[in-house]
Colleague: 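Below you'll find the structure I mean.
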Number of protein chains: 2
Amino acid sequence: MTDRRPPSSSGESLLFLTDEQLRQGIEAMFFAYRGFTADPDRILEGLDYGRAHHRAIHFINRAPGTKVSNLLDILGVTKQSLNRVLRKLIADGLVQSRVGRNDKRERHLYLTDEGRALERTLSDAQRARMRSAYRAAGPDAVAGFRKVLEAMMDVDMQASYTRLKESGA
Amino acid sequence: MTDRRPPSSSGESLLFLTDEQLRQGIEAMFFAYRGFTADPDRILEGLDYGRAHHRAIHFINRAPGTKVSNLLDILGVTKQSLNRVLRKLIADGLVQSRVGRNDKRERHLYLTDEGRALERTLSDAQRARMRSAYRAAGPDAVAGFRKVLEAMMDVDMQASYTRLKESGA
DNA sequence: AGGGTACGTCAGCCTTGTTGACATTCCAAG
DNA sequence: CTTGGAATGTCAACAAGGCTGACGTACCCT
């Protein structure tokens, strides 16, 4: 199971698969994710919103008119949990919920102008950090970064990710 | 602030810095982190432990004899929050807390045999996913992955990360 | 010896996740 | 046209894991 062989056991260069390398990757993910969320968290703090609201706003902005059920798939939380968040965003006038035209059970979600403004603030901050990291690492590193992340996702997340990616290209 | 220019604005190839590319990176981080934590979460579920316990166990294993205050720096939570987690781990016999020899205010933390066993189970699962992602992406991609993650960390996290990395090399 | 600092603990609160039960509304199949 | 199932939403209760405040003990420095 675990790979404890010292350097150069097989003919190929598989040094990047040693337990030590993998552990460093794990720790890098942990520390980097903290940085990844730090800026939006700082902005949300005091606005009476949390990371859950940010995620909802992000994906509604990304796919305007999306249904609640779609958001549930993407976010991977329960409808009760999402509902609490959406209710507040709707009450505060950041999100608009329109009953489906064909299927009136469905709710289609849109950001209001105010919602778009907050989304912009949050994603500006998050993109600024990502841009700085990308610039520091360079295009080749970015390609590798994306490749590893995609391979790390569960299959259903890969599907969601790809769908979003293609819709926005 | 935001970068909305279409492809090929400057002479250099900066396509990887477009807002669309950055947004995809953000979403990749989000979905990948879900996968990253999925396997340990599944194992912990039903054991009466959570992600917080996993993190504590990981870093105690990583630096046996570490002090609580050091763990606080690394984990970035309050001592009260960490204390709750540690208390349970100690009560359950997974972690041993020894009063400092020189400074009796300090508590030095160690995993017991049982603690090490759980750590092994968790990190085997997490490494397996990381190994599979690394193998699928290849060594160059892995180098880029690490490079971007490091550039994404806050400075103090970079320091913690480097210290751990060097201590374990 | 005294005051400030570091460290750890206890108590209580908040966000955001969870499950379960249930009402409503609608589509679609029989 | 009725009925089953899907989508949505609500209420209630609970758990994990953040947080702050208060506090005791140990230590260091003056």
Side-chain angles (χ1 to χ4, degrees), chain A residues 30 33-34 37-38 40-60 65-92 95-110, chain B residues 30 33-34 37-38 40-60 65-92 95-110:
Chain A
F30 171 69
Y33 199 78
R34 289 255 295 282
T37 56
D41 282 358
R42 234 187 316 271
I43 294 170
L44 291 160
E45 172 181 302
L47 286 187
D48 237 41
Y49 296 119
R51 211 176 284 179
H53 302 88
H54 179 196
R55 291 196 285 256
I57 287 174
H58 173 98
F59 287 109
I60 293 171
T66 191
K67 294 180 294 177
V68 172
S69 59
N70 179 45
L71 219 45
L72 287 176
D73 289 341
I74 289 177
L75 296 176
V77 298
T78 58
K79 62 179 177 178
Q80 293 88 337
S81 192
L82 175 59
N83 187 255
R84 190 198 295 124
V85 167
L86 284 180
R87 227 183 314 156
K88 178 164 172 59
L89 290 174
I90 292 168
D92 291 358
V95 167
Q96 194 192 359
S97 167
R98 297 187 203 153
V99 171
R101 174 179 297 258
N102 298 329
D103 187 337
K104 289 176 196 156
R105 291 168 302 180
E106 301 173 347
R107 301 293 187 278
H108 298 271
L109 303 170
Y110 301 85
Chain B
F30 172 69
Y33 199 77
R34 289 255 296 281
T37 56
D41 281 357
R42 236 186 317 271
I43 293 169
L44 291 160
E45 172 183 300
L47 286 187
D48 238 39
Y49 296 119
R51 212 175 284 178
H53 302 87
H54 180 195
R55 291 195 284 254
I57 288 174
H58 174 97
F59 286 109
I60 293 172
T66 189
K67 293 180 293 176
V68 171
S69 59
N70 179 45
L71 220 43
L72 287 176
D73 289 341
I74 290 177
L75 296 176
V77 297
T78 58
K79 58 182 178 176
Q80 295 89 335
S81 191
L82 175 58
N83 186 254
R84 189 202 296 122
V85 168
L86 284 181
R87 227 182 314 154
K88 178 165 172 58
L89 291 173
I90 292 168
D92 291 358
V95 167
Q96 194 193 358
S97 166
R98 298 187 202 154
V99 171
R101 176 181 298 256
N102 298 331
D103 188 335
K104 290 179 195 153
R105 290 171 303 181
E106 301 175 345
R107 300 292 187 279
H108 297 272
L109 304 169
Y110 300 86

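Every chain is numbered from 1 and lettered A, B, ... according to where its sequence line falls, protein lines coming before strand lines. Just the heavy atoms: all of them, side chains too, but no hydrogens, waters or symmetry mates, feed the values below.
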Colleague: Looking at dG17(D), I'd like to know if its phosphate oxygens (OP1 or OP2) sit under 4.0 Å from a side-chain N or O belonging to R51(A).
Modeller: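 Answer is no, no contact under 4.0 Å.
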
Colleague: Round to the nearest Å and state the distance from R87(A) atom CZ to dA12(D) atom C1'.
Modeller: 12 Å

Colleague: Any idea which heavy atoms bring F30(B) and I74(A) closest together, and the distance?
Modeller: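 Closest heavy-atom pair between F30(B) and I74(A): CE2-O, 4.0 Å.
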
Colleague: In whole angstroms, how far is the P atom of dC7(C) from the CG atom of L82(B)?
Modeller: 13 Å

Colleague: Could you tell me whether the phosphate oxygens of dC19(D), OP1 or OP2, come under 4.0 Å of any side-chain nitrogen or oxygen in T78(B)?
Modeller: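 For T78(B), the contact criterion (side-chain N or O under 4.0 Å from OP1 or OP2 of dC19(D)) is met.
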
Colleague: Can you measure R98(A) atom CZ to dT8(D) atom P for me and round it to whole angstrom units?
Modeller: 16 Å

Colleague: Give the rounded distance in Å between these two atoms: CG of D73(B) and P of dG8(C).
Modeller: 11 Å

Colleague: Closest-nucleotide mapping onto DNA chain C: is H53(A) or Q80(A) further toward the 5' terminus? I mean the 5' end.
Modeller: H53(A)

Colleague: In whole Å, what is the span from the CG atom of L72(B) to the C1' atom of dG18(D)?
Modeller: 13 Å

Colleague: Can you tell me how far P of dC7(C) sits from CZ of R101(B), to the nearest Å?
Modeller: 19 Å

Colleague: Quick check: closest heavy atoms across L82(B) and L71(B), and the distance to 0.1 Å?
Modeller: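 Closest approach of L82(B) to L71(B), heavy atoms only: CD2-CB, 3.9 Å.
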
Colleague: Which part of the nucleic acid, if any, lies within contact of R84(A), taking any heavy atom under 4.0 Å across all strands shown: a base, the sugar-phosphate backbone alone, or nothing?
Modeller: base

Colleague: Roughly how many Å is it from NZ in K67(A) to P in dC26(C), rounded to a whole number?
Modeller: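 Answer to the nearest Å: 16 Å.
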
Colleague: Under 4.0 Å, counting only non-hydrogen atoms across every strand here, what does N102(B) touch: a base, just sugar-phosphate, or nothing?
Modeller: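 N102(B): backbone/sugar contact only, no base atoms under 4.0 Å.
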
Colleague: Closest approach to the side chain of S81(A), judged atom by atom: which nucleotide of dT16(C), dT8(D), dC19(D) is it?
Modeller: dT16(C)

Colleague: Could you say whether D48(A) or S69(B) is positioned toward the 5' end of DNA chain C, judged by the nucleotide with the nearest heavy atom to each?
Modeller: S69(B)

Colleague: Quick one: K88(A) NZ to dG9(D) C1', roughly how many Å, whole number?
Modeller: 19 Å

Colleague: Any side-chain N or O of N83(A) less than 4.0 Å from the OP1 or OP2 oxygen of dT10(D)?
Modeller: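 So the side chain of N83(A) is within the cut-off, an N or O lying under 4.0 Å from OP1 or OP2 of dT10(D).
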
Colleague: For K79(B), which contact category applies under a 4.0 Å heavy-atom criterion: base, sugar-phosphate, or nothing?
Modeller: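 Base contact.
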
Colleague: Can you name the closest pair of heavy atoms from K104(B) and V99(B) and give their distance?
Modeller: O-CG1, 3.5 Å

Colleague: Would you name the heavy atoms of F59(B) and L75(B) that are closest together and state the gap between them?
Modeller: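 Minimum heavy-atom contact is CD1-CD2, 3.7 Å.
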
Colleague: Heavy-atom count around K67(A) NZ within 6.0 Å, excluding the residue itself: above 12?
Modeller: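 Open.
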
Colleague: For R55(B) and dG18(D), is the shortest distance between a side-chain N/O and OP1 or OP2 below 4.0 Å?
Modeller: yes

Colleague: Please pick, from dT16(C), dT8(D), dT5(C), the nucleotide with the shortest atom-to-atom distance to any side-chain atom of R105(B).
Modeller: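 Output: dT5(C).
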
Colleague: Would you indicate which nucleotide in dC11(D), dG18(D), dT8(D) comes nearest to any side-chain atom of A52(B)?
Modeller: dG18(D)

